[in-house]
Colleague: 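Once you've had a glance at the structure underneath, I'll fire off some questions.
Only a predicted model underlies this, so the values are computations on that prediction, with no experimental measurement involved.
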Amino acid sequence: MQHSRTMPYALELTGVGKRFGTTQAVCNLNLRIEQGEFYALLGPNGAGKTTTLRMIAGLLKPSEGEICILGESVLGAPERAKRPLAYLPDEPALYGRLRPLEYLEFVAGLWGMPAEVASARGEELLKWLGLGEHLHKYVDGFSRGMQQKLVLAGALIHEPQLLILDEPLTGLDAAAARQIKDLLRERVNAGMTVVLTTHILDVAERLAERIGIIQHGRLIAEGTLESLRQQATSGSGTLEDVFLAITAEPAT
């Protein structure tokens, strides 16, 4: 006998596929991610990770399958489905001639937030991310780390319940990366669901509660690090060891 769930999944993909011409980029992908979970989606280059995140964000339409955010269909009810979502792409766009608070107020306006709420929330986020002293500088003068923190603040301005991040730590120095990792962990502890892709496997090992490994557009392994170790038949080792064992191509 099946019991009905009292809470919808934060994110649910059912039979999702994406074709570009004759190329199958994602194939029959099934994911269920609980509310308040920290989930890492890993895979080699070209495995289909970014395509998957873009479909979740509604930037690409799946060739088949269903994507639901907190029980709402991204295809059937896109506005309702995407309202609790924030998506941070691997190469986020910034408006260089805006100051940081102006940028956050602009993003907040897109979400329909009242101006006074946006301003107060924006100042709070900038201070929290260590950007408070740069309020009067233009964004095009920011370092890569400062820009990454600003786009993360933009993603958080409307207090999303589901945060999707594509390679959020690429190009950051150790201090900026540490600050963003701490921030993400704090957000998950407060109930936010975070899904990220990363090539920095020790980040996924330390932060993620569950890990999915995708290769050639298919989910080939999923679980906690301990269960992935069992799937890799190693029983031990770092996530890097496990990842390389699971994704190893057979010799030809």
Side-chain angles (χ1 to χ4, degrees), residues 10 33-45 49-50 53 85-94 96 99-101 103-104 107 121-213 224-226 228-229 237-244:
I33 297 172
E34 299 281 358
Q35 294 185 42
E37 186 173 10
F38 202 131
Y39 187 97
L41 184 64
L42 309 179
N45 288 334
K49 304 182 299 298
T50 294
L53 297 193
L85 171 73
Y87 167 61
L88 193 58
D90 55 348
E91 290 293 339
L94 280 168
R99 296 176 178 88
L101 190 55
Y103 168 76
L104 294 183
V107 173
R121 179 82 181 124
E123 286 190 25
E124 178 188 328
L125 282 166
L126 292 171
K127 195 176 298 183
W128 188 39
L129 286 164
L131 295 175
E133 64 190 73
H134 303 286
L135 286 178
H136 303 293
K137 297 179 182 176
Y138 288 108
V139 171
D140 60 5
F142 280 17
S143 68
R144 170 66 189 251
M146 290 164 65
Q147 290 187 355
Q148 194 74 355
K149 286 194 278 189
L150 181 58
V151 292
L152 183 56
L156 295 172
I157 191 77
H158 69 294
E159 300 188 320
Q161 293 166 267
L162 173 62
L163 180 61
I164 306 287
L165 304 163
D166 195 0
E167 297 288 348
L169 304 178
T170 301
L172 299 189
D173 62 31
R178 175 66 178 270
Q179 190 174 12
I180 288 177
K181 286 184 286 186
D182 289 347
L183 181 150
L184 294 177
R185 171 49 62 194
E186 186 177 321
R187 288 290 159 154
V188 170
N189 289 342
M192 181 182 286
T193 307
V194 172
V195 179
L196 66 75
T197 69
T198 180
H199 284 102
I200 309 171
L201 296 184
D202 65 327
V203 169
E205 182 170 347
R206 287 202 303 273
L207 294 180
E209 294 155 286
R210 280 196 309 137
I211 298 159
I213 298 177
T224 63
L225 176 57
E226 193 53 47
L228 290 176
R229 284 173 175 148
T238 65
L239 177 57
E240 181 180 36
D241 298 329
V242 171
F243 176 83
L244 292 174

Colleague: Between atom CG of L94 and atom CE of M146, what is the distance when rounded to the nearest 0.5 Å?
Modeller: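 The distance works out to 11.0 Å.
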Colleague: Among pairs that include at least one residue of residues 192-210, which meet salt bridge (charged side-chain N to carboxylate O under 4.0 Å, His left out), considering only residues two or more places apart or in two chains?
Modeller: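 Listed once each, the pairs are E37-R210, D202-R206, R210-E222.
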Colleague: Do you know the tightest heavy-atom contact between Q147 and V139?
Modeller: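 That would be NE2-O, 3.4 Å.
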Colleague: Donor-acceptor pairs under 3.5 angstrom involving side-chain atoms of residues 153-166: please list them, not counting sequence neighbours.
Modeller:
from : atom 1 : to   : atom 2 : distance (Å)
H158 : NE2    : L85  : O      : 3.1
D166 : OD1    : T197 : OG1    : 2.6
D166 : OD2    : T50  : OG1    : 2.8

Colleague: Once you round to the nearest 0.5 Å, how far does CD1 of I213 lie from CG of L228?
Modeller: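 Between atom CD1 of I213 and atom CG of L228 there are 5.0 Å.
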Colleague: Looking at CZ of R178 and CD1 of I180, how far apart are the two atoms once the value is rounded to the nearest 0.5 Å?
Modeller: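 Going from the CZ atom of R178 to the CD1 atom of I180 covers 13.0 Å.
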Colleague: Using the side-chain contact (heavy atoms from CB on, under 4.5 Å) criterion, which residues pair with L244? Sequence neighbours excluded.
Modeller: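 In terms of side-chain contact (heavy atoms from CB on, under 4.5 Å), with neighbours along the sequence ignored, L244 is linked to E240.
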Colleague: Less than 4.5 Å apart, side chain to side chain, heavy atoms only: is that true for L201 and L42?
Modeller: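 Yes, close enough: below the 4.5 Å cut-off.
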Colleague: CG/L207 to CG/L196 distance, rounded to the nearest 0.5 angstrom?
Modeller: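 Separation between the atoms: 7.0 Å.
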Colleague: Are any of the side-chain heavy atoms of L88 and V151 separated by less than 4.5 Å?
Modeller: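 Yes, their side chains come closer than 4.5 Å.
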Colleague: Going by side-chain hydrogen bond (donor to acceptor under 3.5 Å, both in side chains), name the residues that satisfy it together with R185, two or more places apart in sequence or in a different chain.
Modeller: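 Not a single residue meets the side-chain hydrogen bond (donor to acceptor under 3.5 Å, both in side chains) criterion with R185.
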Colleague: Please report the closest heavy-atom contact between H199 and G43, naming both atoms and the distance.
Modeller: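 It is NE2-O, 3.9 Å.
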Colleague: How long is the straight-line distance from CD of Q179 back to CD of Q148, given to the nearest 0.5 Å?
Modeller: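 Rounded to the nearest 0.5 Å, the CD-CD separation comes out at 12.5 Å.
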Colleague: Distance check, rounded to the nearest 0.5 Å: L41 atom CG versus T198 atom OG1?
Modeller: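 These two atoms lie 11.0 Å from each other.
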Colleague: For N189, enumerate each residue passing the side-chain hydrogen bond (donor to acceptor under 3.5 Å, both in side chains) test, keeping only those at least two apart in sequence or located in another chain.
Modeller: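 None.
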Colleague: Between R144 (side chain only) and D173 (backbone N and O only), is there a donor and an acceptor less than 3.5 Å apart?
Modeller: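 No; judged by distance alone, with no hydrogens or angles, the pair does not exist.
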Colleague: Are the side chains of L172 and K149 in contact, using a 4.5 Å heavy-atom criterion?
Modeller: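 No, side chains not in contact.
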Colleague: I'd like a table of donor-acceptor pairs (distance under 3.5 Å, sequence neighbours excluded) in which one partner is a side-chain atom from residues 123-137, with atom names and distances.
Modeller:
from : atom 1 : to   : atom 2 : distance (Å)
E124 : OE2    : R121 : NH1    : 3.1
H134 : ND1    : K137 : NZ     : 3.0

Colleague: Can you give me the closest heavy-atom contact between L150 and F142, atom names plus distance?
Modeller: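 Distance-wise, the nearest heavy atoms are CD2-CE2, 4.2 Å.
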Colleague: I want to check something: taking the side chain as every heavy atom from C-beta on, are L101 and R99 in contact at a cut-off of under 4.5 Å?
Modeller: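 No, too far: nothing below the 4.5 Å cut-off.
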